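As the structure is a prediction and not an experimental result, all values here were calculated from the model. One-based numbering along the sequence shown.
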Amino acid sequence: MSQMEKKAGLLRRTSSSKKPLKEKVVLMYDEIFAKEDPAKKNPRFWDELFLMKVNLEYLESKLESVDGEEVQRIQDNINSLFHHCVQALGEEHQIKVVNALQTLCALFRGVHQKNKSASGFDIINMLMGFDKAEQRMKDLMERLDSLLCGDGSESLKSLCLKLLLCLVTVTDNISQNTILEYVMINSIFEAILQILSDVSSRGQHGYDAVVLLALLVNYRKYESVNPYIVKLSIVDDEPTLDGMGMVVHQALTEYNRQYKDKEEEHQGGFFSTLTSMVGNMFIADADEKLSVQTNEAILLALYEAVHLNRNFITVLAQSHPEIDIAATPTIPSPTTPTTPLGTTPPSLDMMSNPELPLDPNLQTSNLLITFLKYASIVMQDTKDEHRLNSARLCLIILTCIAEDQYADAFLHDDNMNFRVNLHRMPMRHRKKAVDKNIPSRPLVCAVLDLMVEFIVTHMMKDFPMDLYLRCVQIIHKLLCYQKKCRIRLQYTWRELWSEPIFSVCFSALATFLFELNLFNMFITYGDTFLPTSNSYDELYYEIVRMHQVFDNLYSPNTRKSL
């Protein structure tokens with residue numbers, strides 16, 4: 001059957017002299033889109049409808065095809081369809097529940113696609129009737145909450161989450177989705193937490209639950225009181241926070257593994273050999289092939305958890321053996337469509353496994369290390385707007401971490417050392433570091449390495465001023481903590497000094513002032529946190545060596561801008 005025939009609801013081809021046959025469910029949809037109430041001719045119409053397999057494409061296309069006058073004519077039938085869908089969610093017959101959930105998805109998508117320019121109140125009126133909307137949505141959210149928290153099948157819970165994700169994402173701007181006001185009033189926050197706290201449920205639905213929570217938190221967060229923000233900020237249940245951290249960790253780990261596999265495949269191919277033969281002339285083209293789809297949804301969830309809930313900071317520091325999730329079999333999810341590399345939920349076995357295998361040869365890791373590796377990949381290429389925004393979000397998360405006192409204490413703890421293998425942009429003048437040569441150091445060294453790496457590799461004509469300023473701010477916050485606590489970090493500070501001096505040539509006034517503030521801190525308070533007197537000597541050497549940069553700041557044009 002062709003795609004056009006399927007969309008039109010044709011059952012099978014017939015001869016040209018006969019009328020084409022249609023599925024029964026399509027004929028029932030046609031009755032809904034007629035002016036008459038379909039239940040008048042057939043009192044059992046709605047019961048029979050939800051026993052039929054849903055034709056999503058036909059129903060959505062039918063909703064999108066109606067014009068303004070037809071909307072008014074069939075509005076009562078659409079309202080009745082929505083009402084009976086909600087009622088069907090309370091049925092014991094699972095087929096009816098499944099079909100009702102899928103029909104609701106089609107209703108939400110179809111009505112919004114047709115009425116993109118309409119106000120939220122008009123959409124609510126068309127779907128359920130404005131005078132009955134509050135009760136209809138209350139019943140819907142209560143039934144969804146009951147299905148998510150009950151002992152029903154995992155496929156039903158998955159469909160419930162898919163429906164909620166569909167409802168949340170039908171508009172490009174989530175704050176313009178007026179229907180979500182009813183989701184704020186009838187909260188499903190506790191149901192989401194229950195999924196994340198339970199090992200089995202988290203393995204099946206953790207990814208969707210975390211993404212849904214992150215989206216709901218962002219609904220009109222600066223315009224009104226969002227109950228999901230308030231509730232997330234006070235969560236202190238350890239299993240729930242650990243579950244959220246596990247979902248984020250596995251999603252980022254999966255992305256890192258896929259990127260590493262693609263990198264190794266690229267390096268081992270014929271193109272890599274040819275590149276080395278001609279002196280790395282095509283290294284930029286080779287790197288572009290490694291560009292993969294980032295996962296902003298899981299980054300957003302991590303940001304909201306770190307930003308809103310101070311208790312989540314402890315989850316970042318929880319260490320566990322670092323294992324390769326590729327070694328475990330992946331169970332495909334039948335309800336998840338094909339997605340770009342890096343956006344797929346991680347393996348179910350890994351997310352549901354409460355105990356990790358212990359092996360003395362395995363390195364220890366934690367969520368923060370995994371995030372730093374992810375950020376080192378994303379921040380390599382910021383040429384397109386999509387990846388630029390992803391890198392910006394990574395730096396905002398690091399800023400939140402650097403501002404937290406407990407996180408700073410953990411980052412600078414000499415008793416907690418890790419080997420962090422950050423991904424570095426291929427450059428002709430330096431060799432790739434061998435994993436075994438990476439020293440075991442406090443995590444703050446990895447954060448500083450990441451910031452310096454970004455500064456070194458992004459001296460370009462279109463200077464990423466916003467990202468660069470955020471990097472300098474993160475370094476400044478870490479230095480303030482070291483000065484306050486008199487921590488003498490064993491770090492190669494020379495790289496941190498030489499690159500900001502050179503970048504003054506590229507930077508704007510605001511960034512330049514921040515850079516001078518950094519140098520003033522080193523010069524004035526360096527004796528409280530620099531490890532040796534040689535570090536001071538190297539600082540002054542770099543300032544003298546690059547004196548022309550500072551001399552140029554006193555030119556007439558520069559003084560005028562200041």
Side-chain angles (χ1 to χ4, degrees), residues 252 299 302-303 306 316 368-382 387-404 407-408 410-412 418-425 427 430 433 438-439 441-460 463-483 487 489-508 510-522 526 529-531 535 538-539 542:
L252 297 180
L299 273 186
L302 177 60
Y303 164 72
V306 171
L316 296 174
L368 181 55
I369 292 176
T370 303
F371 170 67
L372 289 174
K373 291 180 179 179
Y374 177 90
S376 69
I377 296 173
V378 171
M379 291 167 61
Q380 287 184 23
D381 179 18
T382 57
R387 297 182 68 83
L388 181 70
N389 291 332
S390 186
R392 183 179 293 111
L393 185 52
C394 286
L395 290 174
I396 292 174
I397 294 171
L398 281 173
T399 302
C400 293
I401 294 173
E403 290 174 344
D404 187 270
D408 284 332
F410 171 75
L411 288 173
H412 292 84
F418 300 89
R419 288 188 177 89
V420 183
N421 182 24
L422 298 177
H423 295 265
R424 299 178 183 273
M425 184 180 293
M427 302 182 74
R430 66 179 183 184
I438 298 174
R441 303 176 296 172
L443 276 178
V444 66
C445 296
V447 178
L448 292 172
D449 284 346
L450 182 61
M451 299 300 100
V452 173
E453 173 69 12
F454 179 82
I455 296 172
V456 170
T457 57
H458 288 77
M459 299 294 178
M460 57 184 69
F463 194 61
M465 196 65 60
D466 176 40
L467 301 188
Y468 181 80
L469 181 58
R470 292 185 185 277
C471 286
V472 176
Q473 288 174 336
I474 292 170
I475 295 171
H476 182 258
K477 294 178 188 299
L478 295 175
L479 290 178
C480 288
Y481 180 82
Q482 293 171 21
K483 169 185 169 292
I487 297 175
L489 184 67
Q490 296 296 327
Y491 185 74
T492 309
W493 294 105
R494 189 188 320 170
E495 294 182 5
L496 183 60
W497 295 326
S498 60
E499 298 307 331
I501 291 176
F502 182 69
S503 66
V504 169
C505 304
F506 295 84
S507 59
T511 312
F512 161 67
L513 293 175
F514 234 106
E515 291 163 347
L516 284 188
N517 194 17
L518 280 183
F519 285 109
N520 286 336
M521 281 196 66
F522 278 109
F529 58 86
L530 287 176
S535 299
E538 291 174 352
L539 170 62
E542 291 296 334

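Just one of Val378, Asp381, Ile377 meets the side chain to side chain contact (heavy atoms under 4.5 Å, CB included) condition when paired with Ser390; it is Val378. With Met379 as the partner, the side chain to side chain contact (heavy atoms under 4.5 Å, CB included) test is satisfied by one option alone out of Leu395, Leu467, Leu422: Leu395.
A pairwise comparison of heavy atoms in Phe410 and Phe418 identifies CZ-CE1, 4.1 Å as the closest pair. The shortest non-hydrogen separation linking Arg419 to Pro439 is CG-O, 3.7 Å. Heavy-atom minimum distance, Ser376 versus Lys373: OG-O, 2.6 Å. In plain terms, the two heavy atoms of Asn389 and Arg392 that are nearest each other are OD1-NH1, 2.7 Å. Of all heavy-atom pairs spanning Leu299 and Ile397, the tightest one is O-CD1, 3.6 Å. Of all heavy-atom pairs spanning Ile396 and Arg470, the tightest one is CG1-NH1, 3.5 Å.
Under the rule for a ring pair (Phe, Tyr, Trp, His ring centres under 6.0 Å), the partners of Tyr303 that lie at least two apart in sequence or sit in another chain are His307. The ring pair (Phe, Tyr, Trp, His ring centres under 6.0 Å) search around Phe522 returns Trp493, Trp497, Phe529, not counting sequence neighbours. Every residue two or more places apart in sequence or in another chain that forms a salt bridge (Lys or Arg N to Asp or Glu O under 4.0 Å) with Asp404 is listed here: Arg310.
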Show the numbers, then the answer: is there a side chain to side chain contact (heavy atoms under 4.5 Å, CB included) between Gln380 and Thr457?
CA-CA 8 Å; Gln380 287 184 23; Thr457 57; over 6 Å; no
Could you walk me through whether Tyr468 and Val472 pass the side chain to side chain contact (heavy atoms under 4.5 Å, CB included) check?
CA-CA 6 Å; Tyr468 181 80; Val472 176; 3.7 Å; yes
If you apply the rule side chain to side chain contact (heavy atoms under 4.5 Å, CB included), what do you find for Leu393 with Leu302, and how did you get there?
CA-CA 10 Å; Leu393 185 52; Leu302 177 60; over 6 Å; no
What verdict does the side chain to side chain contact (heavy atoms under 4.5 Å, CB included) test give for Arg441 and Asp449, after you've listed the backbone C-alpha separation in whole Å, the side-chain angles of each residue and the deciding distance to 0.1 Å?
CA-CA 11 Å; Arg441 303 176 296 172; Asp449 284 346; 2.4 Å; yes
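Lys483 NZ to Leu530 CG: the interatomic distance, rounded to the nearest 0.5 Å, is 13.0 Å. In this structure, CG in Leu450 is found 6.0 Å from CG in Leu372, a value given to the nearest 0.5 Å. Separation of atoms OG1 (Thr399) and CD1 (Ile474) is listed at 3.5 Å; rounding is to 0.5 Å. In this structure, SG in Cys480 is found 4.0 Å from CE in Met521, a value given to the nearest 0.5 Å. For the atom pair NE2 of His412 and CG of Leu443, the computed distance is 10.5 Å after rounding to the nearest 0.5 Å. Atom NZ in Lys477 sits 12.0 Å away from atom CG in Leu398 (nearest 0.5 Å).
Tyr491 is not listed as a side-chain neighbour of Pro531, based on a closest heavy-atom distance of 4.5 Å or more.
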